[in-house]
Amino acid sequence: MKRKFLLIVAFISLCWISCREEPEILPPEVIPVAPPDSTVTDSISQVKMLGFYLLNEGNMGSNKSTLDYFDLAAGEYRRNIFANANPSVPKELGDVGNDLAIYGSKLYAVINRSNKIEVMDKFTARRLGQINIPNGRSIQFDGGYAYVTSYAGPVEINPNYEQIGYVAKVDTATFEVIARCLVGYQPDGLEIVGNKIYVANSGGYRTPNYENTVSVIDIQSFTEIKRIEVAPNLQYVKADKQGNLWVSSRGNYYDEPSRLYWIDTQTDRYEGMLPVAVSGMTLDGDSLYLYGSEFNYNTFDYTFTFGIVDVTTKQIVTRNFIIDSTEREIALPYGIMVDPRNKDIYLTDAANYVYPGWLFCFDRYGRKKWPQIRTGDIPAHFALLYE
């Protein structure tokens, strides 16, 4: 989940639902969305793009994480596909889907509260195995290994939380954890640049005593070699082609706002900051697309941003890439992805965190392309599927 506030919302929501009715679980369904797409070849990689998966986090404690798939060639959105592909798997995906990625022939879904990673065939979503990771967060790959951030301990908001987090090194052939590297408290996003792994330490459970560092791990020795001070409550890291590492901070939800920072990966030094709120981001070429759903406890309200940053000039291009005012239809932006072929922008809406959310699609100019699609609960994480 994305912030301490979500823990509170989830708890209240679940208590409310238990007094009213069971939360809605949308059944497997195929939904016609758009005309079949015949231009499915990525112009950069020259590889045929088939579609994308969308992992719905599900309400915390309700075992409602689900997996959807958008078939580009058919123009169809297939909802809740894991259940059909794996009818014999008890409890299906599990509790809180936190990250999704494809590596080689496999699809990996990090299921946070279920303390596991579901490993599936990338074409069929059939289950191949499970990797046991306590309170896993994010996943990246290099040289036949998966690297996964882990909070290591249970979900517990405590300013004196003592459990240090770590990065697990997993053999993708055997699904075994072969090494662990200790980092900071509650490590979230990670990125691999050359022979180093960069890890955003959040300290999210230790509010108000947040972490403010990025751990640097040497891949060869798999040891932490440095920590770079940045800002409190770090979340995501993305590396551009210029050698910069872009880091998002959620701030402290009071007087220190969410901001975007960058680090020079050649020197491993903090270089600068852009005054824009970031709750999620994705990099396409030299453009960093982001959304901010910044919550403040002083006002008990959100401020939304839909921005683009030019990573070469380090300038904010726009704070709202949606030009037709349909951002008003989005209650709570929660995930973002850009199609590398045509630059369509996909945004998810978590709605009220309790009931199924929505998937929006905007063209490269920021115009809504087709009516939004109902997803599972708290749609968040994308994975592009190539042939």
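One is the number of the first residue; the rest follow in order along the sequence.
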Short question: side chain of Arg250, backbone of Leu234 - any donor-acceptor pair under 3.5 Å?
yes

What I'd like to find out is whether the side chain of Ile131 reaches to under 4.5 Å of the side chain of Lys116, using heavy atoms alone.
no

Quick one: do the Asp68 and Asn56 side chains pair a donor with an acceptor below 3.5 Å?
yes

Take the angle between the ring planes of Phe306 and Phe304 and call it parallel below 30°, perpendicular above 60°, tilted in between.
tilted

If we count only N and O atoms by modelled type, under 3.5 Å, do the side chains of Ser150 and Asn135 hold a donor and an acceptor together?
no

Can you hop from Phe360 to Ile308 via hydrophobic side chains spaced under 4.5 Å?
yes

Output yes when a side-chain donor or acceptor of Arg374 lies under 3.5 Å from a complementary backbone atom of Pro356, and no otherwise.
yes

Quick one: does Gln186's side chain have a donor or acceptor within less than 3.5 Å of a partner on Tyr205's backbone?
yes

Which distance, rounded to the nearest 0.5 Å, do you find between the NE2 of His381 and the CD1 of Ile336?
13.5 Å

Between Arg180 and Tyr166, is NZ or CZ placed under 6.0 angstrom from the six-membered ring centre and within 45° of the ring axis?
yes

Look at the side chain of Ser258 and the backbone N and O of Glu294, then say whether any donor-acceptor pair between them is shorter than 3.5 Å.
no

Quick check against the 3.5 Å criterion: does Tyr291 have a side-chain atom that pairs as donor or acceptor with the backbone of Tyr334?
yes

Flag for Asn320-Thr318: side-chain donor and acceptor within less than 3.5 Å:
no

d(Leu190 CG, Tyr198 OH) to nearest 0.5 Å is 12.5 Å

Roughly how far, to the nearest 0.5 Å, is the CG atom of Asn244 from the CD1 atom of Ile263?
10.0 Å

Would you say Tyr145 has more than 12 foreign heavy atoms packed within less than 6.0 Å of its OH?
no

Salt bridge or not between Arg227 and Glu229? Use side-chain N to carboxylate O under 4.0 Å.
no

Establish, from distance only, whether the side-chain atoms of Asp142 and Gln140 form a donor-acceptor pair under 3.5 Å.
no

Would you please test Leu347 and Ile330 for side-chain contact (heavy atoms from CB on, under 4.5 Å) and show each step?
CA-CA 9 Å; Leu347 276 171; Ile330 301 174; 4.1 Å; yes

CG of Asp240 to CG of Leu288, rounded to nearest 0.5 Å, is 8.5 Å

Does NZ or CZ of Arg78 lie under 6.0 Å from the centre of the six-membered ring of Tyr69, at an angle within 45° of the ring axis?
no

Side chains of Arg269 and Gln266: is there a donor and an acceptor less than 3.5 Å apart?
no

Please state whether the rings of Tyr346 and Phe382 are parallel, tilted or perpendicular, taking 30° and 60° as the class boundaries.
tilted

Nearest 0.5 Å, please: how far is CG in Leu245 from CD in Glu271?
11.5 Å

Check this for me: does any side-chain nitrogen of one of Lys368 and Asp324 sit under 4.0 Å from a carboxylate oxygen of the other?
no

Checking side-chain polar atoms at under 3.5 Å, does Glu156 have a donor or acceptor matched by the opposite partner on Asn158?
yes

Could you tell me whether the side chain of Tyr236 and the main chain of Ala200 form a donor-acceptor pair under 3.5 Å?
no

Could you tell me if Asn201 and Thr213 have a donor-acceptor pair between their side chains, going purely by distance under 3.5 Å?
yes

Between the side chain of Asn84 and the main-chain N/O of Pro87, is any donor-acceptor distance below 3.5 Å?
no

Assess, by modelled atom type and distance only, whether the side chains of Tyr253 and Asn233 contain a donor and an acceptor separated by less than 3.5 Å.
yes

May I ask you to decide whether Glu211 forms a salt bridge with Arg206, counting only side-chain N to carboxylate O separations under 4.0 Å?
no

Phe70 ring center near Phe52 ring center (under 6.0 Å)
yes

Ring centroid separation Phe141 to Tyr147 under 6.0 Å
no

Roughly how far, to the nearest 0.5 Å, is CG of Asn98 from CD1 of Ile111?
8.5 Å

So does Ser138 get a backbone contact from the side chain of Thr149, meaning a donor-acceptor N/O pair under 3.5 Å?
yes

Flag the pair Asp268 and Lys196 as a salt bridge only when some basic side-chain nitrogen lies within less than 4.0 angstrom of an acidic carboxylate oxygen.
yes

Please determine if Asp284 and Lys343 form a salt bridge, counting it only when a charged side-chain N lies under 4.0 Å from a carboxylate O.
yes

For Asp71, does its backbone N or O pair with a side-chain atom of Glu76 as donor and acceptor, under 3.5 Å?
no

Tell me whether Asn112 contacts the main-chain N or O of Arg137 through its side chain, where contact means a donor paired with an acceptor under 3.5 Å.
no

Just wondering, are more than 12 heavy atoms of other shown residues or ligands nearer than 6.0 Å to OH in Tyr365?
no

